[in-house]
Colleague: 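Sharing a structure below in structure tokens format, with a few things to ask.
Not measured: the values here are computed from a predicted model. So you know, we letter chains A, B, ... as the sequences are listed, proteins then strands, and number each from 1.
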There are 2 protein chains.
Amino acid sequence: MRILVVEDEHKIANSVKRGLEQESYAVDVAYTGSNGYDLASVEEYDLIILDRLLPEMDGIEIAKKLREQKIHTPILMLTAKGQVTDRVEGLDAGADDYLVKPFAFEELLARIRALTRRPKDSLGMILTVSDLMLNSANYEVKRSAKSIQLSSKEYALLEYLMRHPDQTLTKDQIISHVWNYDADVLPNTVEVYIGYLRNKIDKPFKNRPALIQTVRGFGYKIG
Amino acid sequence: MRILVVEDEHKIANSVKRGLEQESYAVDVAYTGSNGYDLASVEEYDLIILDRLLPEMDGIEIAKKLREQKIHTPILMLTAKGQVTDRVEGLDAGADDYLVKPFAFEELLARIRALTRRPKDSLGMILTVSDLMLNSANYEVKRSAKSIQLSSKEYALLEYLMRHPDQTLTKDQIISHVWNYDADVLPNTVEVYIGYLRNKIDKPFKNRPALIQTVRGFGYKIG
DNA sequence: GATTTTGCTGAGAAATAGCTGAAGATTAGC
DNA sequence: GCTAATCTTCAGCTATTTCTCAGCAAAATC
């Protein structure tokens with residue numbers, strides 16, 4: 001699955017590239033509009049992530065030109081928080097979806113999955129680890145058939161862990177996936193949230209094995 | 001169920017495609033009239049959604065030609081608000097129904113359901129959740145046999161919720177289904193309408209459980 | 001066994017989500 | 001055109017969530 005990222009802010013471009021590669025997408029990056037446009041017209045991508053505001057040639061224009069060229073690759077447009085009003089303009093130009101910056105990486109992944117629509121996770125994937133179940137259609141979490149109430153950060157963290165079962169994730173990885181790229185939260189915040197999750201999914205089920213495990217010096221894993 | 005969408009505005013075409021696929025229709029899109037005509041003559045569809053005004057070959061002409069070819073696939077014609085809604089002309093050409101742009105997605109779905117009329121929902125599907133009943137044939141809503149009067153937005157919102165019982169729907173999802181694609185309403189508007197609905201279907205029935213539930217951080221669900 | 005590092009946790013300040021009354025805009029009916 | 005209903009936004013309020021801090025516990029290192 002090949003993805004082109006057109007974004008002039010290197011920080012964002014690179015963090016998106018790194019994250020997507022970790023999810024085993026093949027990623028090309030263009031830091032300018034014209035560069036991005038050239039790549040998009042020559043190469044074949046499964047998805048194009050396009051910053052709306054770019055020097056030289058902006059996102060709207062690129063989208064419009066690509067559509068004129070009959071290139072119908074799905075386009076995910078990124079817009080800064082202030083510029084929300086122009087939803088219509090962007091969609092007119094041919095974008096398929098919108099994401100407002102700053103976004104959490106997992107949110108980006110969800111949109112990408114929706115746009116490239118792998119049958120597997122269309123509408124409501126159900127993740128399970130042991131007797132813990134997470135249903136992304138209605139954001140419901142259950143353990144041993146008992147419903148568990150989570151806040152949205154807790155939910156995002158749990159989903160990230162459960163999408164990588166038995167794999168140790170460092171606090172840095174967790175931060176860059178669950179929080180948005182310009183929030184800089186302390187590693188301790190992750191510890192705190194792990195604590196919250198344990199209170200809800202491990203502590204009340206003493207007769208069952210604890211699912212969230214600390215891998216001292218490295219991070220956490222579920223499984 | 002296969003549907004062909006012939007529409008030159010990518011924005012509309014893509015958002016309709018995405019929405020219908022989520023409802024598990026198989027959707028093909030043609031961005032030009034002649035392209036659409038070719039597809040419609042070769043492939044077998046259960047429904048064709050046709051923009052009335054298209055470059056190259058317009059909707060009326062496509063409909064006429066298809067009918068000449070003895071292709072009787074139901075046709076739903078889209079017309080812009082300003083356009084002379086010459087119902088007669090379109091219906092003469094062979095269209096089975098009309099929808100004026102901009103439309104809300106749920107409205108489109110309702111027409112599609114009417115045209116493809118699966119025996120199941122022939123003449124007005126009736127949705128029920130607990131003791132709440134919605135009859136889409138006559139737009140009547142009742143709870144515990146007591147009739148409830150709703151405005152059209154309230155009705156559209158309730159129908160959307162009831163068609164996805166026990167599933168949490170985000171404010172974004174609600175906005176893009178219940179409002180039309182170029183309306184730019186605030187999330188708070190959804191909150192307000194949820195409030196209106198609660199006043200009418202939950203508050204007056206204190207002895208019964210509340211049906212509309214807030215799922216903090218995610219959205220709302222009914223059930 | 002003392003020291004350092006790493007992780008856990010209770011408490012609290014700051015930020016945010018959701019609810020609601022009210023008021024301005026828009027639309028439909030007459 | 002006028003009026004009434006409906007639609008939408010706004011501002012203020014409350015409860016929850018988010019995040020940091022500081023002190024403690026456990027493990028690793030010396």
Colleague: Can you work out whether G217(A) or N199(A) has the more 5'-proximal nearest nucleotide on DNA chain C?
Modeller: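 This one resolves to G217(A).
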Colleague: Kindly indicate whether the side chain of Y196(A) and the base of dC19(D) share any N or O donor-acceptor pair separated by less than 3.5 Å?
Modeller: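 Check passes, donor-acceptor contact within cut-off.
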Colleague: For V185(B) and for T189(A), find the nucleotide of DNA chain D with the closest heavy atom, then tell me which residue's nucleotide is more 5'.
Modeller: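 It is V185(B), whose closest nucleotide lies nearer the 5' terminus.
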Colleague: Could you give the CD1-to-C1' distance, from I175(A) to dT18(D), as a whole number of Å?
Modeller: 14 Å
Colleague: For a side chain to side chain contact (heavy atoms under 4.5 Å, CB included) with L157(A), tell me which candidate from I212(A), L150(A), L197(A) qualifies.
Modeller: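 Result: among I212(A), L150(A), L197(A), L197(A) is the only option passing the side chain to side chain contact (heavy atoms under 4.5 Å, CB included) with L157(A).
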Colleague: Using atom types as modelled and distance alone, determine if a side-chain donor or acceptor of Q213(A) lies under 3.5 Å from a backbone N or O of G223(A).
Modeller: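 Present.
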Colleague: Any donor-acceptor pair under 3.5 Å linking the side-chain atoms of Y31(A) with those of N14(A)?
Modeller: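 Present: a donor and an acceptor within the cut-off.
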Colleague: Take the protein atom OH of Y193(B) and the nucleotide atom P of dG18(C), then report the distance between them rounded to whole Å.
Modeller: 19 Å
Colleague: Tell me: CZ of R198(A) to C1' of dG10(C), nearest whole Å?
Modeller: 16 Å
Colleague: By nearest atom, which of the nucleotides dT5(C), dT18(D), dT8(D) is closest to the R216(A) side chain?
Modeller: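 Taking heavy atoms from C-beta onward, the closest nucleotide is dT5(C).
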Colleague: Rounded to whole angstroms, how far apart are CG on L197(B) and P on dT20(C)?
Modeller: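 Taking atom P of dT20(C) as the reference, CG of L197(B) is at 13 Å.
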Colleague: Less than 4.0 angstrom between a side-chain N/O of K171(A) and OP1 or OP2 of dG7(C), yes or no?
Modeller: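 Answer is yes, contact under 4.0 Å.
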Colleague: Looking at N188(A), is its backbone amide N or carbonyl O close enough to the side chain of K171(A) to form a donor-acceptor pair, meaning the two atoms are under 3.5 Å apart?
Modeller: no
Colleague: In whole angstrom, what separates E191(B)'s CD from dT8(D)'s C1'?
Modeller: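 Roughly 13 Å, once rounded to whole Å.
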Colleague: Send over the distance from D184(A) CG to dT18(D) P, rounded to a whole Å.
Modeller: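 Computing the D184(A):CG to dT18(D):P distance gives 18 Å.
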Colleague: Quick check on E21(A): does its CD atom have over 12 non-hydrogen neighbours (other residues, nucleotides or ligands) under 6.0 Å away?
Modeller: yes
Colleague: Nearest whole angstrom, please: distance from the C1' of dT17(D) to the CD of E154(A).
Modeller: 8 Å
Colleague: Can you figure out which of dC8(C), dT9(C), dG21(C) approaches the side chain of K203(A) most closely?
Modeller: dT9(C)
Colleague: Would you kindly check whether a donor in the side chain of N188(A) faces an acceptor in the base of dT9(C), or vice versa, at under 3.5 angstrom?
Modeller: yes
Colleague: Distance check needed: dG18(C) C1' versus D172(B) CG, whole Å only.
Modeller: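 About 15 Å, once rounded to whole Å.
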